[in-house]
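Below is one structure, written out as C-alpha cells, with a few remarks after it.
In listed order, ligands and their atoms are each counted from 1. Quick caveat: nothing in here was measured; it's all calculated off a predicted structure.
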Amino acid sequence: MQKDLISIIIPCFNEEEMVPLFYEKIFEIMEGTAIVDFELLFINDGSSDQTLSILRELATTDSRVHYFSFSRNFGKEAAIYAGLQHAEGDYVAVMDVDLQDPPELLPSMYRTLKTEDYDCVGTKRVNREGEPRIRSFFAKYFYKLINRISDTDIVDGARDYRLMTRKMVDAVLEMTEYNRFSKGIFSWVGFETKYLEYSNVERHAGKTSWSFWGLFKYSLDGIVAFSEVPLAIASFIGFITFVIAILLALFFAIRTLIFGNETSGWTSLMVMILGMGGLQLLCLGIVGKYIGQTFLETKKRPVYILKETDEDWKQ
Ligand code: UDP
Ligand code: MG
C-alpha cells in the first residue's frame with residue numbers, strides 16, 4: 001500500500017539558529033515513524049539573517065526539503081498561506097520552527113486523523129508559563145471578547161500548530177482574503193477538530209518577533225475580519241445619544257416654561273459638545289477600520305511575493 005504523504009509547513013523569520021535544530025528534531029521523529037512519507041516546506045518570510053542560505057543547503061542535501069522565499073517580510077499568515085498552496089501532501093501540518101510546537105505530537109496527531117472521525121487535530125496550550133504576565137492577561141480578555149462578538153469560534157490558547165486532511169486544506173485555500181486571520185479561518189471552514197492539550201514550551205533559541213503593539217494590531221484585525229458587532233455598537237451608541245438628546249430637549253423646554261430662561265448652562269453645553277464630538281470620532285474610527293479593510297481587499301494585492309524557491313536553486 002502506498003504511504004501517506006505529510007507536508008509540514010514551517011514559517012521562518014530570522015531563524016538561523018532554529019532551522020538546523022528544528023530539522024534535526026523533525027527528521028529524527030519522522031524517520032522514527034516509518035509509516036508515512038513527509039516533505040518539509042520552509043517559508044522564508046523575508047529574513048535578514050542567514051536563514052535563506054541554511055535552507056538552500058538543506059534543500060540540496062535532502063530532496064524532501066523545499067523552501068519558498070518571500071521578497072520581503074509578509075507576516076506569518078502569508079507564510080502559512082504560501083505553504084498551504086504549495087503543499088502536496090494527503091495531510092498538511094503547520095508548525096513553528098522554534099520548537100514551541102512539540103514535533104513529538106505529530107505521529108499521534110496523524111494516528112488520530114487515520115483512525116478517528118476528525119478532519120483536523122489542533123493543539124492548545126493549557127497554560128502560558130514563561131510568557132509576560134501582561135501579555136497573558138490581554139490574551140485572555142481578547143479571546144473572551146472576540147468569542148462574544150463573533151459567530152466564529154476562536155479557541156482560547158489554540159496554536160497555529162495543526163494537522164489537517166487534504167479536504168480541509170482545500171477549503172482553507174478557497175478563502176482568498178487578504179486580511180488573513182488564521183485562527184478564524186481554520187474555524188470558519190468548519191470540519192471536526194480535535195484539540196490536544198499541552199503545557200507551554202519556551203522558545204529554544206532566537207527571540208519572538210511579536211511586540212505588544214504588533215499583537216494589539218493583530219487582534220484588532222482579527223476582530224474586524226470575523227465580527228461586525230463593533231459596527232452595530234457604533235450605531236447603538238449613536239441611537240442612545242439621540243434618545244438622550246431628545247429627552248434633554250424636552251427637559252429644558254419644560255424647565256424654561258416653568259422657571260423662565262436665565263442664560264446659564266455654559267458648562268453643561270461644553271460637556272455635551274465634547275462628549276458628542278468624542279462619540280462621533282469613536283464611531284467614525286470603528287467604521288473607518290472596516291472601510292480600511294475593505295479598501296485593502298478590493299485592491300486584490302497578492303498575499304505574498306515569491307523571490308526564490310528550491311526549484312530555482314536546483315536548476
Ligand atoms: N514568523 C514568520 N513571520 C513573521 C513572524 C514570525 O514567519 O513575520 C514565524 C517565526 O519564524 C516562527 C513562527 O512564525 O516560526 C512563530 O513566531 P514567534 O515564535 O515569534 O511567535 P510566538 O511563538 O511568540 O507567538
Ligand atoms: Mg514562538
Side-chain angles (χ1 to χ4, degrees), residues 7-26 40-52 54-55 58 65-87 93-103 105-106 122-140 142-143 154-162 178-183 186 198-219 221-222 303-309:
S7 306
I8 305 174
I9 298 168
I10 313 120
C12 306
F13 176 53
N14 292 339
E15 302 278 7
E16 56 183 5
E17 285 174 276
M18 279 316 302
V19 171
L21 293 175
F22 176 85
Y23 175 72
E24 218 169 279
K25 183 91 195 213
I26 198 84
L40 301 176
L41 288 86
F42 288 94
I43 318 294
N44 176 32
D45 186 13
S47 305
S48 52
D49 61 1
Q50 293 306 308
T51 306
L52 180 58
I54 295 172
L55 291 178
L58 280 181
V65 174
H66 303 280
Y67 68 85
F68 301 87
S69 187
F70 289 177
S71 59
R72 64 169 170 88
N73 180 258
F74 280 90
K76 185 182 175 186
E77 303 290 343
I80 293 178
Y81 186 54
L84 291 176
Q85 281 186 323
H86 291 94
V94 178
M95 194 187 282
D96 285 1
V97 73
D98 57 10
L99 294 178
Q100 274 188 305
D101 299 332
L105 291 179
L106 208 51
T123 53
K124 82 189 205 195
R125 292 186 292 186
V126 283
N127 62 15
R128 289 171 165 265
E129 248 155 60
E131 198 182 65
R133 274 265 176 81
I134 181 107
R135 195 167 147 176
S136 316
F137 175 81
F138 278 105
K140 191 173 129 202
F142 165 69
Y143 283 111
I154 315 274
V155 180
D156 185 6
R159 307 266 314 164
D160 290 332
Y161 182 24
R162 55 180 65 236
Y178 181 78
N179 175 23
R180 302 190 73 77
F181 185 67
S182 287
K183 288 179 199 306
F186 287 135
Y198 67 96
S199 26
N200 193 26
V201 185
E202 283 190 48
R203 205 173 226 289
H204 279 227
K207 60 180 189 337
T208 172
S209 35
W210 284 104
S211 62
F212 186 77
W213 182 237
L215 275 178
F216 180 71
K217 280 206 309 211
Y218 178 67
S219 28
D221 286 346
V303 176
Y304 61 88
I305 291 172
L306 280 184
K307 185 174 164 199
E308 180 188 323
T309 75

* Has Glu77 got any heavy atom lying under 4.0 angstrom from an atom of ligand 1? -> no
* Asked: For Tyr23 and Leu55, what are the C-alpha separation, side-chain angles and deciding distance, and is it a side chain to side chain contact (heavy atoms under 4.5 Å, CB included)?
  -> CA-CA 10 Å; Tyr23 175 72; Leu55 291 178; over 6 Å; no
* Asked: Within 45° of the ring axis of Phe74 and under 6.0 Å from its six-membered ring centre, is that where the NZ or CZ of Arg72 lies?
  -> yes
* To do: Tell me which N, O or S atom of Asp98 sits nearest to the Mg ion (ligand 2).
  => OD2
* How long is the span from the CZ atom in Phe70 to the SG atom in Cys12, to the nearest 0.5 Å? -> 10.5 Å
* Asked: Does ligand 1 have a heavy atom under 4.0 Å from the side chain of Asp45, from its backbone, from both, or from neither?
  -> side chain
* Closest contact, heavy atoms only, Phe13 versus Gly46 -> CE1-O, 3.8 Å
* To do: For atom 5 (C) of ligand 1, find the nearest protein heavy atom and state the residue, atom name and distance (0.1 Å precision).
  => Ser209 OG, 3.2 Å
* **Part of Cys12 within contact of ligand 1 (heavy atoms, under 4.0 Å)** => backbone
* Structure fact -> closest protein heavy atom to atom 12 (C) of ligand 1 is Glu15 OE2, 3.5 Å
* Asked: Of all the non-hydrogen atoms in the protein, which one sits nearest to atom 25 (O) of ligand 1, and at what distance?
  -> Trp210 CD1, 3.5 Å
* Asked: Closest heavy-atom contact between Ala158 and Lys124?
  -> CA-CB, 3.7 Å
* Taking the six-membered ring for Trp, are the ring centroids of Phe138 and Phe212 within less than 6.0 Å of each other? -> yes
* To do: Have a look at ligand 1 and work out which part of Gln100, if any, has a heavy atom under 4.0 Å from it: side chain, backbone, both or neither.
  => side chain
* Residue and atom name of the nearest protein heavy atom (relative to atom 8 (O) of ligand 1), distance in Å to one decimal -> Asn73 ND2, 3.1 Å
* Asked: Between Leu106 and Tyr161, what is the shortest heavy-atom contact and its length?
  -> N-OH, 3.6 Å
* Got the closest protein heavy atom to atom 16 (C) of ligand 1, with its distance? -> Asp96 OD2, 3.2 Å
* Asked: For the residue pair Glu16 and Thr51, what are the closest heavy atoms and their distance?
  -> N-OG1, 3.4 Å
* ligand 1 N/O within reach of Ala79 N/O, cut-off under 3.5 Å -> no
* Under 4.0 Å to a heavy atom of Gly75 - the qualifying atoms of ligand 1, by number -> 3 (N), 8 (O)
* Asked: At under 4.0 Å between heavy atoms, which part of Met95 makes contact with ligand 1: side chain, backbone, both or neither?
  -> neither
* Asked: Below 6.0 angstrom between ring centroids: does that apply to His66 and Phe42?
  -> no
